[in-house]
Structure formats: C-alpha cells, structure tokens
Amino acid sequence: QVQLVESGGGLVQAGGSLRLSCQASGSIFSINAGGWYRQTPGKQRELVAGITTGGSTNYADSVKGRFTVSRDNAKNTVYLQMNSLKPEDTAVYYCNCRVLTIARVYIDVWGQGTLVTVSS
C-alpha cells in the first residue's frame, strides 16, 4: 500500500509564503513524476505545477514566477514553495505522484489535500 501525506497548508496574508510537502510512504521504490493540483468549490481540479523524474518542471500561467516545485528523492518527497500569495490562490491543494512500487509496478496516487487560505 502506498500513500501520500501532505502538510504545510494554512492561513496566510496576501504577499506571504507557504511551503507544501508531500511525502510518499509504504511499499514504494521511488517517485517517478509528481505534481500539485488545486481545487475550489464548483471548479475542476487544475494543475498548478509538475516535476518529472529528471527534474523538469512546468507551471500554470497563473503561478509562474511565484511558485516553485521541487523534489527530494532520498526522502520520497515533493515540495511546492508558494511565494507572493494572492487571495485567488485560496484552494485545497492536492499532491499527485506516479510511484514505482517495490513490486516494480507504476501507480498514480493522490494525497488527501491540504487547505491554503490567503486573506486580503
């Protein structure tokens, strides 16, 4: 069994920063690709940032220059550093990773979500 545990969400004022963490645990060999998504009520979940096995990254236009996705392979953890936060960044943030299990099977796993609230 594999699970992703997210942490780091909370309440912050506009212009502030937060760092989200997503740690994989269980029967994993390694994390392949990872990504952060967000969702607000009534809207579809959208990709915020992604990172490949090789470390290449991509971002939604709305967060370019403010958010940075990174990974620590030794800790099986993916991060999202969020700077210059805006009220419109308020959402539940979800981590999604493609994980290689110890059985050498690739599976896609979602975290439970962490709420980020940016006050104006």
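- Using a 4.5 Å heavy-atom threshold, the side chains of L18 and L85 count as touching.
- For the pair R71 (side chain) and I31 (backbone), a donor-acceptor distance under 3.5 Å is present.
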- [ ] Determine, stepwise, if the pair R38 / Y93 fulfils side chain to side chain donor-acceptor pair (under 3.5 Å).
- [x] CA-CA 4 Å; R38 66 186 180 188; Y93 285 71; 2.9 Å; yes

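- Contact check for R19 versus L80: no side-chain heavy atoms found under the 4.5 Å cut-off.
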Task: Trace of the side chain to side chain contact (heavy atoms under 4.5 Å, CB included) decision for T101 with I28 - done: CA-CA 4 Å; T101 69; I28 62 171; 5.7 Å; no

Side chains of residues 105-115: which donor-acceptor partners sit under 3.5 Å, not counting sequence neighbours?
{"from": "D108", "atom 1": "OD1", "to": "R98", "atom 2": "NH1", "distance (Å)": "3.4"}
{"from": "D108", "atom 1": "OD2", "to": "R98", "atom 2": "NH1", "distance (Å)": "3.3"}
{"from": "Q112", "atom 1": "OE1", "to": "E6", "atom 2": "N", "distance (Å)": "3.4"}
{"from": "Q112", "atom 1": "NE2", "to": "E6", "atom 2": "O", "distance (Å)": "3.3"}
{"from": "T114", "atom 1": "OG1", "to": "G9", "atom 2": "N", "distance (Å)": "3.3"}

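- You'll find the side chain of T40 stays beyond 4.5 Å of the side chain of V92, heavy atoms only.
- Within the 4.5 Å cutoff, the side chain of D89 has heavy atoms near those of the F67 side chain.
- Counting only heavy atoms from C-beta outward, the side chains of L20 and Y79 never approach each other to under 4.5 Å.
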TODO: Assess whether side chain to side chain contact (heavy atoms under 4.5 Å, CB included) is satisfied between Q23 and L4, documenting all intermediate values.
DONE: CA-CA 5 Å; Q23 184 170 32; L4 301 179; over 6 Å; no

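- Contact annotation: the side chain of Y37 approaches that of N96 to within less than 4.5 Å [non-hydrogen atoms, C-beta and beyond].
- N32 and T53 form a side-chain donor-acceptor contact under 3.5 Å, judged by distance and modelled atom types alone.
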- [ ] Verify side chain to side chain contact (heavy atoms under 4.5 Å, CB included) between Q81 and S17, making sure each step is shown before the conclusion.
- [x] CA-CA 7 Å; Q81 178 66 44; S17 299; 3.9 Å; yes

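- With contacts defined as side-chain heavy-atom distances shorter than 4.5 Å, the pair W36/L47 does not qualify.
- Rounded to the nearest 0.5 angstrom, R66 CZ and N83 CG are separated by 9.0 Å.
- Under a hydrophobic clustering in which Ile, Leu, Val, Met, Phe, Trp and Tyr are joined whenever their side-chain heavy atoms come within less than 4.5 Å, directly or via other members, Y94 and V63 fall into different clusters.
- Panel note: side chain S56, backbone G54; no donor-acceptor pair is recorded below 3.5 Å.
- Between C22 and C97, the SG-SG separation does not fall below 2.5 Å.
- Scanning both residues, Q39 and K43, for their nearest heavy atoms gives NE2-O, 3.2 Å.
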